[in-house]
Amino acid sequence: MSRSPPARRRRDRSRSRAWFLQVHYRWETEGEGCSLPDALSVTMGERTVAPARVRYLERLVGAFASDRGMIEDAITACMDNWRLDRLSVMDRGILRLGATEILCLSDLPAKVAIQEAVRLAERYGGADSPRFVNGVLDAVYRSVQSDASGPA
């Protein structure tokens, strides 16, 4: 039995998110000489990314690269007693990914972005990562909701 197109699309997006974390990790570890588009290009040159996953991966990287300051400000505003630079590379990448989807990709429900980020944290983060990621991204989502319903 073949997968339905929506199920296949969800799986491809989930895998694209994991690829984003690899690109993010390369970008963070390469230092200032490497831009996000460079990290994407090198990763795709060295690894085989399924064509069905490339478009969403490029969309994620492009959205984060374009709106990095706003995304990081939103994350930072929602972390009590934490600084982004003090988090593990993986937790930082997962938060950036989730916040990018919440803040920049209006066609994706925020709750899906949070759920997917928590799954990534369960898989790649530390023992406390899933709860931490869920709390921060939920606060980012609530801040967007309160901004949208604020005074007119």
Can you measure from [atom1] ([X]) to [atom2] ([Y]) and round to the nearest 0.5 angstrom?
{"X": "R26", "Y": "T43", "atom1": "CZ", "atom2": "OG1", "value": "4.0 Å"}
{"X": "H24", "Y": "L36", "atom1": "NE2", "atom2": "CG", "value": "7.5 Å"}
{"X": "Q22", "Y": "L57", "atom1": "CD", "atom2": "CG", "value": "9.5 Å"}
{"X": "Y25", "Y": "E30", "atom1": "OH", "atom2": "CD", "value": "10.5 Å"}

Tell me every residue that passes side chain to side chain donor-acceptor pair (under 3.5 Å) with [X], counting only those two or more places apart in sequence or in another chain.
{"X": "R15", "result": "none"}
{"X": "Y56", "result": "E101"}
{"X": "S16", "result": "none"}
{"X": "R55", "result": "none"}

Keeping S146 on the side-chain end and S143 on the backbone end, is there a donor-acceptor pair under 3.5 Å?
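Yes, because the side chain of S146 sits within donor-acceptor range (under 3.5 Å) of the backbone of S143.
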Any donor-acceptor pair under 3.5 Å from S41 side chain to D38 backbone:
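No; zero donor-acceptor contacts below 3.5 Å.
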R10 versus R13: any side-chain heavy-atom pair under 4.5 Å?
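R10 does not reach R13 side chain to side chain.
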Does the side chain of L95 reach to within under 4.5 Å of the side chain of L87, using non-hydrogen atoms?
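Yes, their side chains come closer than 4.5 Å.
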Filter on ring-ring contact (aromatic ring centres under 6.0 Å, His included), then keep only pairs touching residues 83-113, sequence neighbours left out; what's left?
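ring-ring contact (aromatic ring centres under 6.0 Å, His included) check on residues 83-113 returns no pairs.
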Of the non-hydrogen atoms in [X] and [Y], which two are nearest, and what is the gap between them?
{"X": "V133", "Y": "A117", "result": "CG1-CB, 3.8 Å"}
{"X": "V23", "Y": "L40", "result": "CG1-N, 3.7 Å"}
{"X": "A113", "Y": "L108", "result": "CB-CD2, 3.9 Å"}
{"X": "G125", "Y": "D91", "result": "CA-OD1, 4.0 Å"}

Check the hydrophobic clustering (I, L, V, M, F, W, Y; side-chain heavy atoms under 4.5 Å; chains of links allowed) and say if [X] and [Y] are grouped together.
{"X": "V61", "Y": "V42", "result": "no"}
{"X": "I71", "Y": "V112", "result": "yes"}
{"X": "V49", "Y": "L21", "result": "yes"}

With F64, which residues qualify under ring pair (Phe, Tyr, Trp, His ring centres under 6.0 Å), at least two apart?
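Ring pair (Phe, Tyr, Trp, His ring centres under 6.0 Å) check on F64 returns W27.
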Looking at residues at least two apart in the chain, or sitting in another chain, which of them share a ring pair (Phe, Tyr, Trp, His ring centres under 6.0 Å) with F132?
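Testing F132 for ring pair (Phe, Tyr, Trp, His ring centres under 6.0 Å), a comparison that skips the adjacent residues, returns W82.
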Using atom types as modelled, flag every donor-acceptor pair under 3.5 Å from a side chain in residues 73-81 to any protein atom, sequence neighbours excluded.
unit_1, atom_1, unit_2, atom_2, d
T76, OG1, E72, O, 2.8

Return the set of residues passing salt bridge (Lys or Arg N to Asp or Glu O under 4.0 Å) with [X] (not counting sequence neighbours), or none when no residue passes.
{"X": "D12", "value": "R53"}
{"X": "R131", "value": "D128"}
{"X": "E28", "value": "R92, R96"}
{"X": "R47", "value": "none"}

List the steps and the verdict of side chain to side chain contact (heavy atoms under 4.5 Å, CB included) for K111 and D138.
CA-CA 8 Å; K111 295 295 183 179; D138 188 59; 3.6 Å; yes
Start with the C-alpha distance between D67 and T100, add both sets of side-chain angles, then the distance that settles side chain to side chain contact (heavy atoms under 4.5 Å, CB included), and finish with yes or no.
CA-CA 8 Å; D67 292 317; T100 298; over 6 Å; no
Trace of the side chain to side chain contact (heavy atoms under 4.5 Å, CB included) decision for E116 with L120
CA-CA 6 Å; E116 288 289 324; L120 289 167; 5.5 Å; no
